[in-house]
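Scroll down for the structure; my scribbles are underneath it.
Note that this is a predicted model, so its numbers are computed, not measured. Keep in mind that the numbers below use all heavy atoms, side chains included, and drop hydrogens, waters and symmetry copies. Remember, it's 1-based here, ligands and their atoms both numbered in the order they're listed. FYI, the numbering just counts along the sequence from 1.
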Amino acid sequence: MTNNFNLASAIHHHSLATPDAPVVVGQGQSLSYGELASSAAHLAHCLRGAGVKRTADGQLPRIGILASRSVGACTALIGAAWAGATYIPIGLKLPEERILTLLALCNLSAIIVDDEGARLLSERVLEACPPTVICLGQRPTVDMPHAAKLIELPTRAPVSLPEPAQVDGDDTAYIIFTSGTTGVPKGVMIPAAAARHYIAMITRHLGLQPSDRALETCELSFDFSVHNMFPTWEAGAALHILPATRVMNAIKFVKDAGLTVWNSVPSLAGMLRQIKALKPACLSSLRVTVFGGEQLPANVVNAWREAAPDSAIFNLYGPTEATVFCLAQSGVLPVTPGRDVVAIGTPLPGSEAAVFDAQGQPVADGTPGELAIAGIQLASGYLGAPELTAARFPVHAGKRWYLTGDQAIRDTAGTFHCLGRIDNQIKINGYRVELEEIDAHLRLVTGADVVGSVAWPWVEGSARGIVSIVGAQSIDSAAVIAGLKHRIPAYMLPNRVIAQESLPLNQSGKVDRKALLAWLDNQVA
Ligand code: AMP
């Protein structure tokens with residue numbers, strides 16, 4: 001693969017052509033392409049000065065990013081890329097145990113923290129950090145044994161700064177962690193060639209322009225952020241970060257800033273619809289709307305068409321393992337029969353989709369099976385998990401596929417429809433959650449052997465919460481949730497933990513989640 005790519009290349013390019021154009025705006029701060037390029041180059045210079053370089057086995061150095069959804073986070077990841085590193089977002093909302101797990105898995109060369117990220121540097125976390133922790137804000141004055149790791153960026157950058165380092169196509173551009181059924185998160189490794197292809201392809205597909213102002217609604221640890229940031233910057237456009245505290249005021253945010261591109265999971269639009277914020281033409285500045293990451297209900301589309309009459313709507317589908325989105329439906333937005341959700345469409349350029357039976361053979365159109373994806377956007381695999389990688393990325397007929405776990409059909413017109421999951425993965429507000437992961441931690445916290453978590457209740461086809469049932473006579477629900485809080489991210493926490501002396505089991509002796517759901521429904525009815 002040729003040496004001609006860097007995730008920071010577009011920032012570098014536009015900083016030379018249009019240095020004063022805005023690149024990122026958020027929380028009262030705004031940076032131009034020129035400013036972001038200088039800060040990123042300065043950061044890259046410091047990282048190199050700290051000895052961050054390719055490892056002895058030829059891999060890119062890995063840099064962890066512990067930063068809020070902010071202008072600073074953009075500087076951190078562009079700086080890491082500029083230095084020729086793999087960037088790895090570490091979610092800010094993670095409990096200490098989870099951060100320690102990620103640090104142990106990643107073998108990082110350095111970490112970049114903003115002020116919010118710095119607050120998570122407890123003594124245990126700092127001890128587990130690599131020798132270089134670069135603080136984008138003020139270096140915290142902490143009296144801890146490992147405080148010498150903390151480095152503040154010098155206020156003055158040197159006159160001569162490096163250009164973005166060139167990386168190979170099979171180098172890893174970024175690693176994003178998703179929920180893992182065993183209780184340990186899975187690190188999805190995305191090669192630079194996949195990222196480069198995705199960015200160029202989707203920028204063209206959506207027709208993004210330098211004059212666009214695009215919305216960012218995601219944390220860096222959700223790969224939707226890759227979609228929001230890099231194509232916007234590829235086009236030379238500006239990214240506007242919606243603060244987490246203003247999510248319910250997103251409409252006013254879009255209006256005030258005159259945004260032209262909306263990016264979010266459908267749940268956000270669904271919530272805005274429910275609070276009756278989607279008034280006719282209230283989003284008239286939008287020309288492109290991207291929904292993705294979870295099923296798109298038809299009623300959200302109808303409300304959106306009225307609210308954003310001049311916007312094209314794209315339903316983008318994809319797993320993190322296939323570089324954000326790999327299928328798309330736009331235009332008419334056909335509804336999947338019997339499900340009231342929009343079809344996931346057809347493969348985007350560079351991707352291929354097929355529906356397989358349990359033996360890995362393609363099924364006839366109209367027959368349900370497991371959706372599999374092939375093509376340039378596939379991840380190289382899961383960090384440090386070759387067996388899991390081999391199981392989820394099998395080779396069929398000489399081609400490497402990713403088995404998505406989604407049940408799907410392709411109709412006779414060639415359009416793919418998602419029918420749900422064949423496993424126990426759910427989405428909560430766009431976050432991927434493996435119910436077995438909650439169960440694994442629940443067993444450790446409660447000491448019970450038989451536990452079962454389910455997504456419940458369901459409102460208009462979307463999971464609104466999680467309920468965990470523990471095989472025990474009685475349980476202190478608040479204490480169990482508090483115990484889980486130390487181990488799993490907030491979005492995975494059950495709203496309720498219920499004790500039941502015996503749980504329904506299926507034929508293979510596993511907890512029967514369908515029966516648990518029916519039981520919960522009956523309790524309420
Ligand atoms: P993640 O890797 O966290 O983005 O999760 C990927 C999973 O989200 C897919 O395997 C699907 O189950 C679901 N998903 C993503 N996009 C869509 C969509 N447009 N419609 C239906 N489900 C989707």
A student checking ligand 1 against Asp406 at a 4.0 Å heavy-atom cut-off should list atoms 9 (C), 10 (O), 11 (C), 12 (O)
Arg421 heavy atoms within 4.0 Å reach ligand 1 at atoms 10 (O), 12 (O)
Correct closest heavy-atom pair for Ala408 and Val355 would be O-CG1, 3.5 Å
So the atoms of ligand 1 within less than 4.0 Å of a heavy atom of Gln295 turn out to be 20 (N), 21 (C), 22 (N)
Checking the N or O distance criterion of under 3.5 Å, is ligand 1 in contact with Gln425?
no
(message) Quick one: does any side-chain atom of Glu321 pair with a main-chain N or O of Thr404 as donor and acceptor, under 3.5 Å?
(response) no
Per-atom filter on ligand 1: closer than 4.0 angstrom to a heavy atom of Gly318 are 4 (O), 6 (C), 15 (C), 16 (N)
Looking only at distances, can you tell me whether any N or O atom of Gly293, backbone or side chain, sits closer than 3.5 Å to an N or O atom of ligand 1?
yes
So for Ile344 against ligand 1, with non-hydrogen atoms under 4.0 Å, the contacting part is side chain
Exactly one of Leu403, Val363, Leu371 clears side-chain contact (heavy atoms from CB on, under 4.5 Å) with Phe356, and that residue is Leu403
Around Asn495, counting heavy atoms of other residues, nucleotides and ligands shown, do more than 12 lie under 6.0 Å from its CG?
-> yes
Within 4.0 Å of some non-hydrogen atom of Leu316, the atoms of ligand 1 are 16 (N), 18 (C), 19 (N)
Kindly state whether the ring of Tyr317 and the ring of Phe416 have centres lying under 6.0 angstrom apart. no
Can you find a heavy atom in the side chain of Glu96 that is under 4.5 Å from one in the side chain of His486? no
Are Thr178 and ligand 1 in contact, using a heavy-atom cut-off of under 4.0 Å?
-> no
Can you establish whether the number of heavy atoms outside Lys427 located under 6.0 Å from its atom NZ is more than 12? yes
Counting from 1 in the order shown, the ligand 1 atoms closer than 4.0 Å to a non-hydrogen atom of Pro319 are 2 (O), 6 (C)
Looking at Asp439 and Arg513, does any basic side-chain N land under 4.0 Å from a carboxylate oxygen?
-> yes
Looking at Lys427, Glu294, Gln329, the heavy atom closest to atom 8 (O) of ligand 1 belongs to Lys427
